[in-house]
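As a basis for the values below, the full set of heavy atoms in this structure was taken, side chains included, without hydrogen atoms, waters or symmetry mates.
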Amino acid sequence: MSYVMPVLNEVEHIEAAVESLIGQDYDGPCEVVLALGPSVDGTNEVISQMARDDPRIRSIPNELGSTPGGLNAAIMASTYPIVVRVDAHSVLPPDYTRIAVETLLRTGADNVGGIMKAEGTTPFEKAVAHAYGAREGLGGTPHHVGGEEGPAETAYLGVFQRHRLVEVGLFDEGIRRGQDWELNRRMRANGGTVWFTPELEVVYRPRSSLRRLVRQFVSTGIWRGELARRFGAENSLRYFVPPVAVLGVLGGAILGIIGLGAGLGWLWIGFAVPALYVLFVVVASTIATREGIRTGLWYLAVLPCIHVGWGLGFILGFLKLTRNITVHTGR
């Protein structure tokens, strides 16, 4: 069993992530291959110590620091027939590998994935985690909220048959975000199966600040817009909801302002769209207060940041309005 993980500036999370791999109850040999980018926060020093303590942990260089580049380097350096793609923000439960391998063998799938269960520790992180698991946040897709087992469009992280990864050409290193979706698209196009099972549940640690959250979702939106332009009808309609919502709110506000300035009262109706969105956020935040008052208050900022960041990013990516898309990695 080969666990592969790209790592860059993850000193807050890397120990917990790696320890969750070493602690799997899977009965078989394993290795942890970490592709190290040029971290500046002490991450690589922590990993060096972990590798000295456990020979199953080893690192290889990932000089560019990109996620797909690091994944490909780690996959090519791996030695076992099953590859588990892991994120430095994720914590695998002890039975994750065993269940994934059983599912691979039972279904004959090329890739198996499960639920990304976001969990936070601070009120801000809890607000972000709530958005990940709520329909008003990221849309309520199965790998966020669960669902029935079966073939899927894509999968969170993924447990792969290594030879199939190599056959389809690994991850596209030109795609800095959304590379999992694009790889799974190629797998399905080549007759493979991507399988979702709710039995797999991975704890994910959200970004710890509003600045990092906005950067993450602007980048995610930019790349989703790029992928929507490249692959057209292969994209689900749900990917277009955030940009349409942003355009609707912005357009309504502009119409209302024009109406005020020109004395055209009938244009004031444009304010109804942003007003409805504000009401939507307030109601959603009221529900989020079940996890704490401070979490609910943070939700008032978190939810619009996710929607607007993702939506504006999508528009920039779809219309090719970014000067250098490769710099948008979401870190």
Side-chain angles (χ1 to χ4, degrees), residues 1-7 17 21 24 26-35 56 58 60 62 66-88 90 92-93 95-116 141-143 147-202 223-224 227 230-231 233-236:
M1 180 63 56
S2 298
Y3 300 97
V4 298
M5 182 194 301
V7 184
L21 309 182
Q24 292 292 294
Y26 176 71
D27 184 19
C30 75
E31 63 181 349
V32 179
V33 186
L34 306 174
R56 293 173 294 180
R58 58 192 177 94
I60 60 172
N62 176 23
S66 74
T67 296
L71 285 169
N72 286 347
I75 292 166
M76 295 310 296
S78 67
T79 58
Y80 294 110
I82 295 178
V83 171
V84 183
R85 184 252 200 265
V86 196
D87 186 272
S90 61
L92 303 189
D95 59 359
Y96 181 88
T97 303
R98 175 171 50 80
I99 292 173
V101 173
E102 290 171 355
T103 306
L104 274 177
L105 296 175
R106 173 170 54 85
T107 63
D110 301 292
N111 179 17
V112 170
I115 298 173
M116 174 185 179
T141 53
H143 67 270
E148 293 186 5
E149 181 182 35
E153 176 187 9
T154 189
Y156 176 56
L157 297 180
V159 179
F160 300 86
Q161 297 192 42
R162 187 181 186 278
H163 74 279
R164 285 292 285 152
L165 277 172
V166 175
E167 285 175 9
V168 300
L170 303 180
F171 290 89
D172 186 333
E173 295 186 15
I175 298 176
R176 298 301 181 91
R177 292 192 71 79
Q179 63 275 348
D180 299 271
W181 178 88
E182 194 279 329
L183 172 68
N184 287 312
R185 179 194 69 83
R186 276 184 282 128
M187 280 191 162
R188 291 184 287 105
N190 282 274
T193 301
V194 178
W195 193 267
F196 167 79
T197 175
E199 286 191 80
L200 295 180
E201 193 172 87
V202 183
W223 277 106
R224 177 46 60 186
L227 295 174
R230 287 192 199 182
F231 302 112
E234 295 184 59
N235 290 264
S236 170

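Applying the side-chain contact (heavy atoms from CB on, under 4.5 Å) rule to Arg56 yields the partners Ile22, Cys30, Asp54; only residues at least two apart in sequence or on another chain are considered. Every residue was checked against the salt bridge (Lys or Arg N to Asp or Glu O under 4.0 Å) condition with Arg224, not counting sequence neighbours, and none meets it. Qualifying side-chain contact (heavy atoms from CB on, under 4.5 Å) partners for Asp110, counting only residues two or more places apart in sequence or in other chains: Arg164, Met187.
For residues 186-200, the set of pairs meeting the salt bridge (Lys or Arg N to Asp or Glu O under 4.0 Å) definition, not counting sequence neighbours, comprises Glu182-Arg186. The salt bridge (Lys or Arg N to Asp or Glu O under 4.0 Å) contacts involving residues 69-80 comprise nothing, where partners must be two or more places apart or lie in separate chains.
Relative ring orientation between Phe171 and Phe160 is described as perpendicular, the plane-to-plane angle rising above 60° on a 0-90° scale split at 30° and 60°.
Note that the CG atom of Leu21 and the CE atom of Met5 stand 5.0 Å from one another [nearest 0.5 Å]. To the nearest 0.5 Å, the span separating CD on Glu201 from CE on Met116 amounts to 12.5 Å. Here the CH2-CZ distance, from Trp181 to Phe231, works out to 6.0 Å after rounding to the nearest 0.5 Å. For the atom pair CE of Met1 and OG1 of Thr97, the computed distance is 5.5 Å after rounding to the nearest 0.5 Å. Taking CD1 from Ile82 and CG from Leu165, the interatomic distance works out to 11.5 Å, rounded to the nearest 0.5 Å. Remark: Glu173 CD to Gln179 CD distance equals 10.5 Å, nearest 0.5 Å.
For Pro151 against Trp195, the heavy-atom pair with the smallest separation is CD-CZ3, 3.5 Å. The nearest pair of heavy atoms linking Pro68 to Ile175 is CG-O, 3.2 Å. Of all non-hydrogen atoms in Ala17 and Ala88, the two that sit nearest each other are CB-O, 3.6 Å. Summarising the geometry of Ala77 relative to Val33, their closest heavy-atom pair is CB-CG1, 4.2 Å, with the distance given to 0.1 Å. For the residue pair Val83 and Ser78, the shortest heavy atom distance occurs at CG2-OG, 4.1 Å. Closest approach of Leu157 and Arg85 over heavy atoms only: CB-O, 3.3 Å.
Looking at Tyr80 and Arg162, their side chains never come closer than 4.5 Å, going by heavy atoms from C-beta outward. A 4.5 Å side-chain heavy-atom check between Leu71 and Leu170 finds every atom pair outside the cut-off. Side-chain contact check for Tyr156 versus Leu200: every heavy-atom pair is 4.5 Å or farther apart.
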Using atom types as modelled, flag every donor-acceptor pair under 3.5 Å from a side chain in residues 99-107 to any protein atom, sequence neighbours excluded.
from: Thr103; atom 1: OG1; to: Ile99; atom 2: O; distance (Å): 2.7
from: Arg106; atom 1: NH2; to: Glu149; atom 2: OE2; distance (Å): 2.7
from: Thr107; atom 1: OG1; to: Thr103; atom 2: O; distance (Å): 2.7
from: Thr107; atom 1: OG1; to: Ala109; atom 2: N; distance (Å): 3.2

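Under the 3.5 Å distance criterion, the side-chain polar atoms of Glu234 are left unmatched by any main-chain donor or acceptor of Arg185.
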